[in-house]
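In what follows, every chain begins at residue 1, and chains take the letters A, B, ... in the order their sequences are listed.
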Protein chains: 2
Amino acid sequence: MAQPRFQRRKEDRPQEISDAAFEVFAAKGYAAARVDEVAKRAGVSKGLLYLYFKTKEELFKAVIKSVVTRRVDALLIAVDETELSSEAFMRGPLLEFMKQIPRSPVAVVIRLLIAEGQRHPDLVDYYWDNVVSKGLKAISRFVERGIERGEFRKTALKELPQLVVAPTMLSMIWRILFTQRELDTDKLMDTHIEMILAYIKA
Amino acid sequence: MAQPRFQRRKEDRPQEISDAAFEVFAAKGYAAARVDEVAKRAGVSKGLLYLYFKTKEELFKAVIKSVVTRRVDALLIAVDETELSSEAFMRGPLLEFMKQIPRSPVAVVIRLLIAEGQRHPDLVDYYWDNVVSKGLKAISRFVERGIERGEFRKTALKELPQLVVAPTMLSMIWRILFTQRELDTDKLMDTHIEMILAYIKA
DNA sequence: ATAGTTAATGACCGCTTGGTCAGCAAGCTC
DNA sequence: GAGCTTGCTGACCAAGCGGTCATTAACTAT
């Protein structure tokens, strides 16, 4: 039938391998993930994988970085460009954002970082610079702007943007550990936003 | 000199090995932890380790369980026996509890569970039954009692005890990932308790 | 002392797995 | 279609590691 044994697709391979690797790392964690399985899942020989990625560790880092999407950037832009009142923004786009995160691949990345972060400090730094630091600053700016506009009281929340996203964090961990136990993430976020507003509204 | 090559100390060995294992697991995670290193750190041969623990996995489970101390039970009892007003209890013992947890070995256990939980569902179940479930119920009961006494308004918080401990969770994750970056855990908890009270006080 | 019991040792084994490389063949050029 | 480049394969290797067991020696009873 002259079915060729393989095709040469230099352009697509790295992404395909990276996608497969994400699945395997997500399912097994770093140490228990087998390079052979990644290759198999990508429909590729192990040799080829090592042509595109020098080591298993480099593959891991590439995968993590590739998932750090522009999700956070979207929020940053929304904060700066919104014409909503601060309260309406919190009840709308911000709330929606917080509800979405725990369902997204970000949760998987968090798990991998928690598990393997100690051994890959540069990965943690990367995540800090590109996600955490940016996100927290955006929240701080948002709160500050609310105060300047007279919509919010002056509270410690400005220096503690972590407090705003704490339930998001909890929800992510919950899903990682207790997938089968119930947690009404949406209600959690709704109530949390209500609570913050009750505390800071001018 | 007749210095004996070793002593027989049947009673103490398991705990010594378990302690050493905790250190190694904490530092390396499950998969990267070496049984040889645990034995070495416990000042014991690998063979002896396998006399007291059948497999590496059983050792891991024993370690996790041994750290699930009565910390939570202490809180439960405090809730039931306190003579403080609900508000005073939140500002006092509860707040203190939330501040302490992130600094305790519980944080390490959480990390190990997040990393390895998927592969050891019975461990997760154990942790759920002995820590999470109990703790959340205690918080729910506490909130409910506050409502009955007329100290608190009736809010969704009763069904969302997770919201109370969310910053504790975040603080733990923060310490695990971003040890060197600053986070004023105490201020975070203070503000959070203030916020909750502002929301639920009758 | 002596014999018996068992806590403790550490050399050893087999398997797993990350990583290599000599060779093969897809596809391009002329 | 001959020849060349290079994407791709998969058998192979060395190291590391969990787990075993024959042997040793610390302790006990008599």
Heavy-atom contacts, protein to nucleotides 11-23 of chain D, under 4.0 Å, summarised as B (base), S (sugar-phosphate only) or - (none) per nt, yield ------SBBBB--

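Toward the 5' end of DNA chain C, the nearer of the two residues B:Val44 and B:Arg8, judged by each one's closest nucleotide, is B:Arg8. Between B:Gln7 and A:Leu51, the residue anchored closer to the 5' end of DNA chain D is A:Leu51, taking for each the nucleotide with the nearest heavy atom.
Contacts between residues 112-122 of chain A and DNA chain D, defined by a heavy-atom separation below 4.0 Å, involve no residue at all.
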Expected list for residues 23-30 of chain A: side-chain donor-acceptor pairs under 3.5 angstrom, two or more places apart:
{"residue": "A:Glu23", "atom": "OE1", "partner": "A:Arg41", "partner atom": "NH1", "Å": "2.7"}
{"residue": "A:Lys28", "atom": "NZ", "partner": "A:Glu37", "partner atom": "OE1", "Å": "3.0"}
{"residue": "A:Tyr30", "atom": "OH", "partner": "A:Glu57", "partner atom": "N", "Å": "3.4"}

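OP1 or OP2 of C:dA7 has not a single side-chain nitrogen or oxygen of B:Tyr52 nearer than 4.0 Å. Within the structure, a side-chain polar atom (N or O) of A:Arg13 is placed less than 4.0 Å from OP1 or OP2 of D:dC8.
Rounded to an integer number of Å, the gap from CD of A:Glu58 to P of C:dG19 is 10 Å. As rounded to whole Å, 14 Å separates atom C1' of C:dT16 from atom CD of A:Glu37.
The side chain to side chain donor-acceptor pair (under 3.5 Å) pairs that include a residue from residues 161-174 of chain A are A:Ser171-A:Thr185, where partners are two or more places apart or lie in different chains.
With sequence neighbours left out, the ring-ring contact (aromatic ring centres under 6.0 Å, His included) criterion links B:Tyr52 to no other residue. With sequence neighbours excluded, the residues satisfying side chain to side chain donor-acceptor pair (under 3.5 Å) with A:Lys99 are A:Asp190. For A:Arg175, there are no side chain to side chain donor-acceptor pair (under 3.5 Å) partners, not counting sequence neighbours. Residues passing the side chain to side chain donor-acceptor pair (under 3.5 Å) test with B:Asp186 are B:Arg103, sequence neighbours excluded. For B:Glu194, the salt bridge (Lys or Arg N to Asp or Glu O under 4.0 Å) partners are B:Arg91, not counting sequence neighbours.
Ring geometry for B:Phe142 versus B:Phe152: interplanar angle over 60°, hence perpendicular rather than tilted (30 to 60°).
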